[in-house]
> 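Below is the structure I would like to discuss, written out as structure tokens.
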Number of protein chains: 2
Amino acid sequence: MKKCQSHPHGSPELPELADRLRRKSRKVTIPRQAVLKVLRVRRRPLTVKEIYEALSPSPCDLATIYRSINLLERMGMVKRFDLGEGAARFELLAEGDDGHHHHLICTRCSDIVEIEECFPEELQAKIAQRNGYSKVTHRLEFFGVCPRCQ
Amino acid sequence: MKKCQSHPHGSPELPELADRLRRKSRKVTIPRQAVLKVLRVRRRPLTVKEIYEALSPSPCDLATIYRSINLLERMGMVKRFDLGEGAARFELLAEGDDGHHHHLICTRCSDIVEIEECFPEELQAKIAQRNGYSKVTHRLEFFGVCPRCQ
DNA sequence: CTTCTTGCAAACACTTTGCACGATG
DNA sequence: CATCGTGCAAAGTGTTTGCAAGAAG
């Protein structure tokens with residue numbers, strides 16, 4: 001009797017995720033479903049350790065989470081972010097979404113807000129051109145002190 | 001008979017660096033001078049391993065490089081960059097320079113170009129304000145394919 | 001001669017991998 | 001039942017730390 005939430009935040013539902021796995025002839029296993037579920041329920045980008053802890057009291061091996069998350073990343077279902085904390089963070093991606101967006105992170109409590117703004121395209125084009133680079137993208141994250149930590 | 005180069009790229013000279021150390025009552029040791037020298041001669045941000053290799057055939061311990069670089073960072077003489085490669089990179093800072101700038105990195109050969117453009121201030125202010133964050137900065141790096149790798 | 005640094009080795013945190021057992025399709 | 005995934009343990013990075021020997025001021 002599971003509630004049929006309509007994609008809050010654009011998060012795909014679990015059955016859809018299972019489908020995506022099957023379509024690529026990947027097995028839909030307990031750990032993979034669990035990882036997807038955690039990523040879907042928690043909104044902010046999670047570290048592997050956070051996923052692991054969210055999975056207890058019936059956790060799976062850390063190695064399994066790493067393998068799952070890497071698979072999901074290769075399949076384009078999950079996006080990896082490096083917020084410079086030493087550990088990578090992962091976010092669920094809606095189908096077709098390339099996941100390009102940025103975050104604002106509280107340097108005190110690690111609260112994370114998703115940001116819609118992006119680096120201006122014309123400016124990036126100018127940078128690419130001036131240096132003769134092609135296929136230029138960027139990685140951009142903001143840091144500050146959140147309201148509650150001030 | 002060392003050439004008295006005038007700060008290319010704004011890099012401080014070695015004696016000046018030694019002075020900065022002494023002023024903070026830190027000892028001017030062989031390894032520290034060596035690390036500073038490597039950072040000064042090579043222009044691009046270097047990893048600890050690169051510094052280590054540049055130091056051979058008379059290298060010092062890796063731990064010493066880590067300790068030196070951390071000290072120099074705390075003293076504001078060196079700036080750490082996380083370009084998402086797993087290993088941090090370090091650049092020499094001119095005195096007074098906070099080192100805030102960005103890079104364009106070739107995803108094929110890891111060539112690194114320094115970029116003068118920055119994320120627009122008004123936009124950043126807007127982001128900070130909308131989310132109630134204070135003291136907001138950003139980390140921004142560009143990735144692409146350099147002319148030679150295309 | 002006192003204090004700070006170094007080298008070495010061990011310890012750490014995050015992540016990956018080899019292999020035999022186990023579950024999925 | 002063939003294939004793929006898991007748990008476990010070990011190994012691999014990048015980085016830090018404890019400690020005794022050594023160098024700088």
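So you know, we letter chains A, B, ... as the sequences are listed, proteins then strands, and number each from 1.
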> Rounded to whole Å, how long is the line connecting atom CG of B/L21 with atom C1' of C/dT5?
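Roughly 12 Å, once rounded to whole Å.
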> Take the protein atom CG of A/L62 and the nucleotide atom P of C/dT15, then report the distance between them rounded to whole Å.
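After rounding, the gap between these two atoms is 10 Å.
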> Who pairs with B/R130 by salt bridge (Lys or Arg N to Asp or Glu O under 4.0 Å), at least two apart in sequence or on another chain?
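So B/R130 forms a salt bridge (Lys or Arg N to Asp or Glu O under 4.0 Å) with A/E117.
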> Which comes earlier along DNA chain D counting from the 5' end, the contact point of A/L71 or that of B/A63, where each point is its nearest nucleotide?
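By nearest-heavy-atom nucleotide position, the 5'-most residue is A/L71.
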> Any chance you could pull the hydrophobic cluster mates of B/L83, using side-chain heavy atoms under 4.5 angstrom and chaining through other members?
B/F81, B/I105, B/I112, B/F143
> What is the distance from CD of B/E50 to C1' of D/dT13, rounded to the nearest Å?
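From B/E50 CD to D/dT13 C1': 15 Å.
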> Could you tell me how far apart A/K24 (NZ) and D/dC4 (P) are, to the nearest whole angstrom?
16 Å
> Using five pairs at either end of the helix from C/dC1-D/dG25 to C/dG25-D/dC1, determine the angle between the two local helix axes and round it to 10 degrees.
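Roughly 30°, once rounded to the nearest ten degrees.
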> Just how far, in rounded Å, is C1' of D/dG5 from CD of A/Q33?
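After rounding, the gap between these two atoms is 13 Å.
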> Once side chain to side chain contact (heavy atoms under 4.5 Å, CB included) is applied, do any residues pair with A/R148, and if so which ones, sequence neighbours excluded?
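Partners of A/R148 under the side chain to side chain contact (heavy atoms under 4.5 Å, CB included) test: A/C146.
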> A/D61 has an atom CG; how far is it from atom C1' of C/dT16, in whole Å?
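Atom-to-atom, A/D61 to C/dT16, this comes out as 12 Å.
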> Phosphate oxygens OP1/OP2 of C/dT15: is one of them under 4.0 Å from a side-chain N or O of A/Y66?
yes
> Just jot down the side chain to side chain contact (heavy atoms under 4.5 Å, CB included) partners of B/R22, sequence neighbours excluded, or say none.
B/A18, B/D19, B/V28
> Along nucleotides 19-25 of chain C, 5' to 3', which nucleotides get a B, which get an S, and which get a -, given that the test is a protein heavy-atom distance under 4.0 Å?
----BBS
> Can you list every pair that meets salt bridge (Lys or Arg N to Asp or Glu O under 4.0 Å) and has a residue in residues 52-76 of chain B, with sequence neighbours left out?
B/E73-B/R80
> Got a sec, which residues hit side chain to side chain contact (heavy atoms under 4.5 Å, CB included) with B/I30, two or more places apart in sequence or on another chain?
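In terms of side chain to side chain contact (heavy atoms under 4.5 Å, CB included), with neighbours along the sequence ignored, B/I30 is linked to no residue.
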> Is the number of heavy atoms from other residues, nucleotides or ligands under 6.0 Å of B/Q129 CD greater than 12?
no
> For B/K37, does the NZ atom sit with more than 12 other heavy atoms under 6.0 Å from it, leaving out its own atoms?
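No, not enclosed.
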> Looking for any heavy atom pair under 4.0 Å, which part of the strands does B/A88 touch: base, sugar-phosphate only, or nothing?
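Sugar-phosphate contact only - B/A88 comes under 4.0 Å of backbone atoms but never of a base.
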> Tell me which pairs pass ring pair (Phe, Tyr, Trp, His ring centres under 6.0 Å) where either residue lies in residues 16-37 of chain B, with sequence neighbours left out.
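As it turns out, there is no ring pair (Phe, Tyr, Trp, His ring centres under 6.0 Å) pair with a partner in residues 16-37 of chain B once direct neighbours are skipped.
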> Hey, can you pull the residues of residues 74-84 of chain B with a non-hydrogen atom under 4.0 angstrom from DNA chain D?
none
> Round to a whole Å and report the spacing from CG of A/N70 to C1' of C/dT16.
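These atoms are roughly 9 Å apart.
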> In chain order, what residues pass the side chain to side chain contact (heavy atoms under 4.5 Å, CB included) check against A/N131, with sequence neighbours excluded?
A/I127, A/Y133, B/L104, B/V113, B/I115
> Rounded to the nearest angstrom, tell me the gap between atom CZ in A/R89 and atom P in C/dA13.
17 Å
> Under the rule for salt bridge (Lys or Arg N to Asp or Glu O under 4.0 Å), what residues qualify as partners of B/D82, not counting sequence neighbours?
B/R139
